[in-house]
S.K.: 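Here it is, the structure in full.
Predicted model only: the values in this text are computed from it and were never measured.
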Amino acid sequence: QVQVVESGGGLVQPGESLRLSCTASGIDFRRLDMGWYRQAPGKQRELVASISSRSNTNYADSVKGRFTISRDSAKSTVYLQMVSLKPEDTAVYYCKTSPLDPSSGYWGQGTQVIVSS
């Protein structure tokens with residue numbers, strides 16, 4: 001019933017851009033904070049960016065200035081615009097409701113981002 005689905009990942013070269021999308025269904029999207037996590041092999045899952053129901057945003061230091069999170073309530077969709085991608089951005093990116101509370105809410109299945117020459 002509740003689904004959180006990411007899309008937009010892929011293989012890109014360093015310096016290129018990607019836009020990730022996350023569409024949520026079966027939930028009251030307008031009232032929920034949303035966020036993007038990422039996890040690289042052998043590393044902990046980290047919160048990359050979050051956006052509140054009022055569109056206040058926060059970013060991890062590692063992506064600040066390069067990534068932009070936004071939301072479209074009419075489409076129940078949150079986006080992650082990624083520019084100037086670096087190899088260290090390579091990871092599976094996950095969309096999540098209530099991103100500041102990892103033990104609750106709903107997770108998407110993830111979308112792979114590979115930044116390589």
Side-chain angles (χ1 to χ4, degrees):
Q1 182 175 348
V2 176
Q3 283 193 291
V4 179
V5 182
E6 306 96 333
S7 63
L11 173 64
V12 297
Q13 294 184 320
E16 294 185 338
S17 302
L18 279 176
R19 178 188 294 179
L20 306 183
S21 298
C22 169
T23 298
S25 60
I27 58 173
D28 190 356
F29 179 84
R30 296 171 301 171
R31 304 181 71 89
L32 292 175
D33 299 342
M34 301 292 296
W36 289 94
Y37 282 77
R38 69 183 181 186
Q39 188 167 27
K43 301 190 69 176
Q44 293 182 324
R45 190 170 297 186
E46 65 172 340
L47 179 61
V48 174
S50 63
I51 184 166
S52 74
S53 61
R54 298 186 178 185
S55 295
N56 296 318
T57 60
N58 283 291
Y59 300 92
D61 288 342
S62 58
V63 307
K64 201 167 188 177
R66 298 187 298 118
F67 291 10
T68 302
I69 189 170
S70 61
R71 64 191 295 157
D72 185 339
S73 294
K75 298 180 179 180
S76 295
T77 299
V78 61
Y79 303 95
L80 187 67
Q81 292 268 11
M82 306 185 295
V83 302
S84 300
L85 282 163
K86 304 175 180 180
E88 50 262 46
D89 295 318
T90 297
V92 177
Y93 285 72
Y94 298 91
C95 183
K96 188 190 181 300
T97 68
S98 303
L100 301 184
D101 186 3
S103 64
S104 65
Y106 299 92
W107 293 87
Q109 292 299 305
T111 185
Q112 176 75 251
V113 173
I114 300 175
V115 185
S116 176
S117 298

S.K.: What's the separation between atom CH2 in W36 and atom CD in E6, rounded to the nearest 0.5 Å?
M.R.: 5.5 Å
S.K.: To the nearest 0.5 angstrom, please state how far the OG atom of S25 sits from the CD atom of Q3.
M.R.: 5.0 Å
S.K.: Does R71 form a side-chain contact (heavy atoms from CB on, under 4.5 Å) with S55? I'd like the steps, not just the answer.
M.R.: CA-CA 7 Å; R71 64 191 295 157; S55 295; 3.9 Å; yes
S.K.: Do L80 and V12 sit in one hydrophobic cluster, given that two such residues count as connected whenever their side-chain heavy atoms are within less than 4.5 Å of each other, even indirectly?
M.R.: yes
S.K.: Which pair of heavy atoms, one from K96 and one from G105, lies closest together, and at what distance?
M.R.: NZ-CA, 4.0 Å
S.K.: How far does OH of Y106 sit from OG of S98, to the nearest 0.5 angstrom?
M.R.: 9.5 Å
S.K.: Could you tell me if R45 and Y37 have a donor-acceptor pair between their side chains, going purely by distance under 3.5 Å?
M.R.: no
S.K.: I'd like to check K86 versus P14 (side-chain heavy atoms, cut-off strictly below 4.5 Å). Are they in contact?
M.R.: no
S.K.: Report yes if some heavy atom in the side chain of M34 is under 4.5 Å from a heavy atom in the side chain of F29; otherwise report no.
M.R.: yes
S.K.: Run the side-chain contact (heavy atoms from CB on, under 4.5 Å) test on Y94 and T111 for me, step by step, so that the C-alpha distance in whole Å, both residues' side-chain angles and the decisive distance to 0.1 Å come before the verdict.
M.R.: CA-CA 7 Å; Y94 298 91; T111 185; over 6 Å; no
S.K.: For Q39 and K43, which heavy atoms make the closest approach, and how far apart are they?
M.R.: NE2-O, 3.2 Å
S.K.: For the CD atom on E88, are there more than 12 heavy atoms of other groups (residues, nucleotides or ligands in this structure) within a distance under 6.0 Å?
M.R.: yes
S.K.: Please tell me whether T77 and T23 have a donor and an acceptor in their side chains that are separated by less than 3.5 angstrom.
M.R.: yes
S.K.: Could you state the interatomic distance from CG (L11) to OG1 (T90), rounded to the nearest 0.5 Å?
M.R.: 8.5 Å
S.K.: Please tell me whether D101 and S104 have a donor and an acceptor in their side chains that are separated by less than 3.5 angstrom.
M.R.: yes
S.K.: Could you state the interatomic distance from CD1 (I27) to OG1 (T97), rounded to the nearest 0.5 Å?
M.R.: 5.5 Å
S.K.: Is the CD atom of E46 crowded by more than 12 outside heavy atoms at less than 6.0 Å?
M.R.: yes
S.K.: Which heavy atom of Y79 sits nearest a heavy atom of D72, and at what distance?
M.R.: CE1-CB, 4.1 Å
S.K.: Start with the C-alpha gap between C95 and V78, add the side-chain angles, then the distance that decides, and say whether side-chain contact (heavy atoms from CB on, under 4.5 Å) holds.
M.R.: CA-CA 8 Å; C95 183; V78 61; 3.7 Å; yes
S.K.: Measure the shortest side-chain to side-chain distance between C22 and V4 over non-hydrogen atoms and say whether it is less than 4.5 angstrom.
M.R.: yes
S.K.: Would you check if L85 and F67 make a side-chain contact, meaning some heavy-atom pair closer than 4.5 Å?
M.R.: yes
S.K.: Could you check if a side-chain atom of L20 sits within less than 4.5 angstrom of a side-chain atom of V113, using non-hydrogen atoms only?
M.R.: yes
S.K.: Carefully, step by step, assess R38 and S62 under the rule side-chain contact (heavy atoms from CB on, under 4.5 Å).
M.R.: CA-CA 12 Å; R38 69 183 181 186; S62 58; 3.3 Å; yes
S.K.: Looking only at heavy atoms, what is the nearest atom pair of R30 and S73, with distance?
M.R.: CG-CB, 4.0 Å
S.K.: Nearest 0.5 angstrom please: R19 CZ to S7 OG, how far?
M.R.: 11.0 Å
S.K.: Give a yes/no verdict on a cation-pi contact between R66 and Y59, requiring under 6.0 Å between NZ or CZ and the six-membered ring centre and an angle within 45° of the axis.
M.R.: no
S.K.: Closest heavy-atom contact between S50 and I69?
M.R.: O-CG2, 3.6 Å
S.K.: Can you name the closest pair of heavy atoms from G26 and V2 and give their distance?
M.R.: O-CG2, 3.6 Å
